[in-house]
Every structure is written in structure tokens, then in C-alpha cells.
There are 2 protein chains.
Amino acid sequence: MMRQHLASVARVDEPRWLDEREARVWRAYLDLNRELPAVLERRLVRDSGLSNADYSLLVPLSEAPDGLVRSRELGAMVGWERSRLSHQVGRMEKRGLVVREECAEDARGSMVRLTPAGRAAIEAAAPSHVAAVRRYLFDVLTDEELDVLGRAFGRVLDRIAED
Amino acid sequence: MMRQHLASVARVDEPRWLDEREARVWRAYLDLNRELPAVLERRLVRDSGLSNADYSLLVPLSEAPDGLVRSRELGAMVGWERSRLSHQVGRMEKRGLVVREECAEDARGSMVRLTPAGRAAIEAAAPSHVAAVRRYLFDVLTDEELDVLGRAFGRVLDRIAED
DNA sequence: AATTGGTTGTTGACGCGTCATCAATCTCGC
DNA sequence: GCGAGATTGATGACGCGTCAACAACCAATT
């Protein structure tokens, strides 16, 4: 009798765990994903009183004509589902950053409009936020690394989108 | 009079915005950070009834002698602050995945112990979770890219740790 | 015009994460 | 020993995010 595949003869098929290089990268990714958004949000809140979620919506709103975007489209722009968007818009409306208006072409829809206070908030927040992104991310990366990251991230995103 | 620095003579110092390459990478990073944890958690919940937060704690607990770790140390292992850990342990205790015990050496401290149900849960969840990480991440990246990512992530983390 | 099916947005429940606060305890210098 | 200051962990309030359920509406077919 051949004594082959001793390792794979274990009770159940032993899965293929991460090797050391993979584990190191995975660990670093988890750390990065915990720390980078956290440090950026702490600064954003401290300097401008805005959360990452606020900022995510204020940017596309501030770039739209009249600061007016349909909810469905706003959700698509930031990659959020409807419920998430609705909750966040509700919170921001309470603070006077945006207002909801009804949608003329589609009575189901709703429009989100940036208020003057909302525009003032994003304009005050943007310079230091961009500076922070630069400080923590782009200042320590080379152009070659940026290209590799861009391609790698894109490939992972494509893979996810395949589902 | 020299007509230099026309651009920088604008009303207030115009901040240095992201150039096109930087914006593309930043955008891809934000997308990745939204999508990758989400798809992994959806699978984890569906296949094993565990959240990413559950999994994060179950891994170091399952590797510790007797599945017993002091809270302070568990927090350090996963990079969480005390409050976050306490809340999560509380939720997991309610579901019978862990139990809290008092700490012999330090009366302030508390110990977290993996229950048999907790060990069963992580052992059932791990193979398909690792397979999912492989499917979405490592299967689409080359070894060279892994090295670049590891170095780049590490440098960003070092920068954050400088604060 | 009525039915059927998909789309749009809101809501409530609940898990997750941070912050501020608190009580208990340890540590260290005196 | 004792007191000042630091550490450890728990808690409540609140913002964030997902899911399931729902109401309102549109579009296409008959």
C-alpha cells in the first residue's frame, strides 16, 4: 500500500491556511483598515466637527449643480445602499447640513440638497482633510507603489464585483 | 516686479489637492475598505453565524493556552481599546461563546475564556473564512505585489504610530 | 384600465464602535 | 503605611451600518 499524501489523510481535508507572507500582509491590512480611517476621522471631528460619513456625502453634493442630487444617484456615487444613505441623510438633516426635497420626475424618489451651512462645512473641512490623507498615506508612498496599489485594489474590487 | 507664483497668490493659500493618480488610488482604497470587509462578513455570518468582530476575538482566544486570555492582553493582541473589547465580550458572553472570569493576579483585571461552543464556532468558521480571504484577495495578487503591499502598509502604520 | 413585478425610500431593531465617566485597584514615592 | 496618580474594566449615550419589512410608486403586459 502506498504511503502517499500523509498530510492530506488527516480526519477532514486540512484547509490551505495562509503562509507567512500572506499572513503578514493580511494582518497589516487589518491594522491599516482599523487605524487609518480612525485617525482621519478623529482629526476631521476635532478640526471640523464632521464624521467620515458626513464627509463622504458632502463631497459629491458640493460638486453637483446647485448642490442638488437625487438620493438614488447619491447612493450610487458613494457606493452605499438605500437604507444607509437614508439614515445618514436623516442625521445630517437634523444638523442642518442638508435638506430633503421631493423629486419632480419620480414621485417615489427624493432629492438631497446641500444647505449653505453644509457647503461652509465641507469647504472648511476639505483642506485639512486632504492634508491629513497626504500626511498619513501619500507622503510615505512612492509613485511606483501607488501604481501597484491602484492595480491591486482594482483587481480585488473586480473580483468582488464578479459575485 | 517679478510675476512669479501666480497660482499661489490666490485669496487664501490654495491647498495641494490630490492629483489624478492619487485620487484614483484613494478612491480605490475607500471602495476596497467598504467592500472587502462587507463581503467577508456576509459570508461569515451566512456560513458560520459569526461577525468579523466575533472572529477577531475568537482567533487569539483559540490559540491561547486553555483558551484563556487576560482582557488587557486580548485588547492589545487585536489592537482594540478597552471599551470596545468590553462591549464585544459582553455580546459574545450573552451568546455563550466566551465567559468572563476574575483575574487572580490583579483584582482590577478580568479574564476571558473561550467556551467549548466558542471553540466549536471558530473551528467550524475558519476554513471557509480563510478560503474567502484567499478567493477575494490572495488569488488575484502576485507575490511581488504582496511584498509591495506589505511594505507600503507597514510604512503607513508607522506614520500613524508616530503621533 | 387593471394586474404584476420591480424600484425607491423610510423605518425599527439590533450589532458595532467611540467617547466620557465611573469605581475599583495597583504602584510608587514618601 | 499612606496618599497621589495611573491602570483596568464596565457602563450609558450616541453615531454608524445592516437587515427585514413596509408603503408608495413606476412600467410593462394583458
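Side-chain atoms are counted along with the backbone in the values below, which use heavy atoms only and exclude waters and symmetry mates. Reminder, nothing fancy here: chain letters follow the sequence lines and each chain counts from 1.
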Is the side chain of [X] donor-acceptor paired with the backbone N or O of [Y] at a distance under 3.5 Å, no angle test?
X: Asp106(B); Y: Arg108(B); result: yes
X: Thr115(A); Y: Leu97(A); result: yes
X: Asp158(A); Y: Arg155(A); result: no
X: Arg34(A); Y: Val78(B); result: yes
X: Ser62(A); Y: Val59(A); result: yes

Interatomic distance where [atom1] belongs to [X] and [atom2] belongs to [N] [whole Å]:
X: Asn52(A); N: dC16(D); atom1: CG; atom2: P; answer: 10 Å
X: Asp54(B); N: dT18(D); atom1: CG; atom2: C1'; answer: 15 Å
X: Glu81(A); N: dT7(C); atom1: CD; atom2: C1'; answer: 15 Å
X: Leu44(B); N: dC19(D); atom1: CG; atom2: P; answer: 13 Å
X: Gln88(B); N: dA10(D); atom1: CD; atom2: C1'; answer: 15 Å
X: Leu85(B); N: dG15(C); atom1: CG; atom2: P; answer: 17 Å
X: Glu35(A); N: dT18(C); atom1: CD; atom2: C1'; answer: 13 Å
X: Lys94(A); N: dT11(C); atom1: NZ; atom2: C1'; answer: 13 Å

For this session: Could you check Arg91(B) against Ser83(B) and say which one's nearest nucleotide on DNA chain C is further toward the 5' end?
Result: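 Counting from the 5' end, the first nearest nucleotide belongs to Arg91(B).
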For this session: Could you tell me the separation between the CG atom of Leu40(B) and the OG atom of Ser51(B), rounded to the nearest 0.5 Å?
Result: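 Rounded to the nearest 0.5 Å, the CG-OG separation comes out at 12.5 Å.
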Distance test, side-chain N/O of [X] to OP1/OP2 of [N], below 4.0 Å:
X: Arg84(B); N: dC16(C); result: no
X: Ser51(A); N: dC16(D); result: yes
X: Arg100(A); N: dT10(C); result: yes

Problem set entry | DNA chain D: 5'-proximal contact among Ala38(B) and His87(B) (nearest heavy atom) |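 Its nucleotide being nearer the 5' end, the pick is His87(B).
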Exercise. Ala107(B) side chain: which of dT25(C), dC25(D), dT11(C) is closest?
Worked result: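 Shortest atom-to-atom distance from the side chain points to dT25(C).
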Problem set entry | Closest to the Trp80(A) side chain, choosing from dT18(D), dC16(C), dG17(D) |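 When the side chain of Trp80(A) is considered, dG17(D) is the closest of dT18(D), dC16(C), dG17(D).
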Exercise. So, does the side chain of Ser86(B) form a donor-acceptor pair with the base of dT11(D) at under 3.5 Å?
Worked result: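 There is none.
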For this session: Return yes if a side-chain donor-acceptor contact under 3.5 Å exists between Tyr136(B) and Arg43(B), otherwise no.
Result: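 Indeed, the side chains of Tyr136(B) and Arg43(B) share at least one donor-acceptor pair under 3.5 Å.
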Exercise. Which letter, B, S or -, goes with each nucleotide of nucleotides 1-8 of chain D from 5' to 3', with contact meaning a protein heavy atom under 4.0 Å?
Worked result: ------BB
Problem set entry | Touch class at under 4.0 angstrom, heavy-atom based, for Glu41(A) against every strand present |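 Here Glu41(A) touches no strand at all.
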